[in-house]
There are 2 protein chains.
Amino acid sequence: MRSHDVPRVRALPMFMNVSEETFARVTGAAHLQKFPANTQLLLEGDNVDFLYVLLDGQVELQGTWNDKETTLTILRPVSTFILAAVVLDANALMGARTIERCDILMISGHSIRQNMAEDPLFGIAVARELAGCYRGLVRTIKNQKLRSGVERLANYILTLRAKTGASDLIHLPHEKRVLAALLGMTPENLSRAFATLQAYGVDVIGADLRICKLRDLERLAKPDPLIDNHAPPAPDIRAEADAEIWAAERIRAGG
Amino acid sequence: MRSHDVPRVRALPMFMNVSEETFARVTGAAHLQKFPANTQLLLEGDNVDFLYVLLDGQVELQGTWNDKETTLTILRPVSTFILAAVVLDANALMGARTIERCDILMISGHSIRQNMAEDPLFGIAVARELAGCYRGLVRTIKNQKLRSGVERLANYILTLRAKTGASDLIHLPHEKRVLAALLGMTPENLSRAFATLQAYGVDVIGADLRICKLRDLERLAKPDPLIDNHAPPAPDIRAEADAEIWAAERIRAGG
DNA sequence: CGCGCGGCTTGATGTTTATCAAGCGACGCA
DNA sequence: TGCGTCGCTTGATAAACATCAAGCCGCGCG
């Protein structure tokens with residue numbers, strides 16, 4: 001691991017309250033690897049030997065069945081993924097693919113499990129991370145089952161707005177076809193959904209959005225803290241007390 | 001807790017490999033409570049003070065938004081629920097309601113968290129349980145996003161068949177309206193889906209099914225171990241080695 | 001420059017699913 | 001025994017969503 005990555009990894013909820021010794025032991029044999037864009041890191045069903053920590057780039061976690069594919073989540077730095085499979089020493093239920101060129105830290109799954117047994121604080125940290133991932137998925141399912149495509153898009157925009165500083169000028173972090181897969185619709189329907197949102201004051205120019213009538217958009221989207229996590233991204237260092245509850249929910253990719 | 005409940009609770013993945021002392025400390029202040037049918041145990045957003053252990057009856061975990069409601073999972077004994085909220089000491093993202101009269105053991109959330117810090121084996125057990133719950137939700141999302149209503153029903157039937165001893169005579173464990181909500185469709189469409197499955201050899205008489213042409217049904221359903229968990233329910237006692245991986249995935253209700 | 005490619009949009013059409021309405025049959029209860 | 005309720009089914013209709021096809025536009029490249 002490069003030395004300037006250490007504080008970024010330590011800021012993860014999974015390592016935040018962990019002793020220097022345990023951290024050193026867990027990451028001792030870790031190695032940093034670079035992957036080009038559009039590289040399949042992991043196929044569904046693969047045996048999982050490493051915990052992945054995304055340090056740079058974007059990774060998509062997907063599920064497939066019967067020649068169809070869906071995007072479960074898109075990860076941005078700094079995030080861990082497939083922790084659940086590592087904890088259970090099981091195979092992956094999701095595939096993982098790079099969307100951009102990525103820097104990924106790979107931590108031995110065995111050393112994760114071993115250190116959970118030796119340091120209860122680390123076990124707690126892992127459990128908290130997993131609990132946060134679980135809750136992320138609960139939100140995802142509610143979003144998917146209870147809302148229509150247009151409503152999901154409207155809420156996606158509002159969440160993005162909240163996470164990027166509440167400005168009314170927003171830049172989409174993904175290609176639209178990727179966003180469509182994430183929202184559970186076809187690119188064609190995403191296009192039509194954006195057209196529908198024009199009536200609610202959303203102007204779209206390429207990947208740039210402008211929210212002109214926030215009230216109208218909110219009235220359509222009806223954002224709900226029990227579905228949409230509008231918490232801002234975690235800064236590298238913060239007081240423990242606040243961090244605990246929501247920081248663990250920032251990342252939704254337990255694996 | 002009644003003495004005959006102890007081995008049933010101990011058989012949960014969460015307590016299976018935990019010492020007598022820790023088990024006693026965790027469950028020391030637990031109390032058993034009976035609830036009538038159709039009782040709301042927990043509203044979405046409620047603060048969660050207890051880990052719930054369902055010993056008898058059925059509990060539905062639901063999500064609501066904008067006057068719509070969906071069923072996330074239906075629990076049968078012996079299952080824990082809202083563990084994730086307990087671990088994070090956070091509020092509930094799902095509501096919980098009894099479907100039948102229930103016996104529920106309520107374990108102090110504080111004692112869960114405290115014992116995780118004191119006994120690393122317990123911390124691991126909690127993490128494993130959460131990891132299994134997480135993977136259950138991953139399966140749910142893939143099922144929901146990748147399959148049509150008829151396909152979900154066909155796979156539900158095949159999974160039920162596998163879990164209840166591979167007999168071709170199956171009894172539905174829930175009312176059809178409850179099943180419809182679980183499968184993410186309306187009761188009307190469930191009815192039509194059953195009608196569709198008649199062509200694939202599924203005969204329905206009330207809550208009793210008969211599978212006449214298993215091959216045809218499987219060809220339609222295309223069950224997949226990465227979505228459908230056909231593992232049989234856990235017996236009370238079993239060898240550790242096999243138990244570990246799948247037992248934790250039996251229950252899908254981390255909270 | 002001209003060309004092809006890929007991402008995006010738009011329109012036409014078909015499938016899936018929800019909604020509304022009506023009716024059937026089992027059950028509890030007076 | 002009669003009657004209302006409730007779960008379930010069926011049909012008609014509408015909304016949501018996917019699919020197929022065509023075309024636009026920006027961009028890299030020969």
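From a predicted model like this one, the values you see are computed outputs, not experimental measurements. Order of the sequence lines fixes the chain letters, A, B, ..., with proteins taken first and strands second; residue numbering starts at 1 for each chain.
Remark: C1' of D:dT9 and CG of B:L179 are 15 Å apart, rounded to the nearest angstrom. Note: CD (A:E69) to P (D:dA18) measures 15 Å, nearest angstrom. Taking atom CD of A:Q198 as the reference point, atom C1' of C:dT10 lies 13 Å away to the nearest angstrom. Whole-Å rounding puts the B:I99 CD1 to D:dG7 P distance at 13 Å. Whole-Å rounding puts the B:E151 CD to C:dT16 P distance at 9 Å. Distance A:E188 CD to C:dA12 P: 15 Å, rounded to the nearest Å. Between the P atom of C:dT17 and the CG atom of B:L153 lies a distance of 12 Å, rounded to the nearest Å. If you measure from atom CG of A:L190 to atom P of D:dA16, you get 16 Å, rounded to the nearest angstrom.
No more than 12 heavy atoms of other residues, nucleotides or ligands sit less than 6.0 Å from atom OH of B:Y200.
Looking at the side chain of A:R177, the nearest of the listed nucleotides D:dA21, C:dG7, D:dT10 is C:dG7. Closest to the B:M185 side chain, of the nucleotides C:dT9, D:dA18, C:dA18, is C:dA18. In the set D:dA21, C:dA18, C:dC20, the nucleotide with an atom closest to the side chain of B:T186 is C:dA18.
The closest donor-acceptor contact from the side chain of A:T186 to the backbone of A:N189 lies under 3.5 Å. A:N155 places a side-chain N or O within 3.5 Å of a backbone atom of A:E151 that can act as its donor or acceptor partner. Side chain of B:D228 to main chain of B:H230: no donor-acceptor pair is present (N/O by atom type, distance under 3.5 Å, no hydrogens or angles). Side chain of B:K176 to main chain of B:G206: a donor-acceptor pair is present (N/O by atom type, distance under 3.5 Å, no hydrogens or angles).
At the heavy-atom level, A:G149 lies under 4.0 Å from the strands shown only through sugar-phosphate atoms. In this structure, B:S148 reaches the sugar-phosphate backbone alone: every heavy-atom distance under 4.0 Å involves primed, P, OP1 or OP2 atoms, never a base. B:E175 comes within contact range of the sugar-phosphate backbone alone, with a heavy-atom separation under 4.0 Å but no base atom that close.
OP1 or OP2 of C:dA18 sits under 4.0 Å from a side-chain N or O of B:N189. Considering only side-chain N and O atoms, A:K176 lies under 4.0 angstrom from the phosphate OP1 or OP2 of C:dT9.
Each of B:R192 and B:V178 was assigned the nucleotide of DNA chain D with the nearest heavy atom; the assignment lying further toward the 5' end belongs to B:V178.
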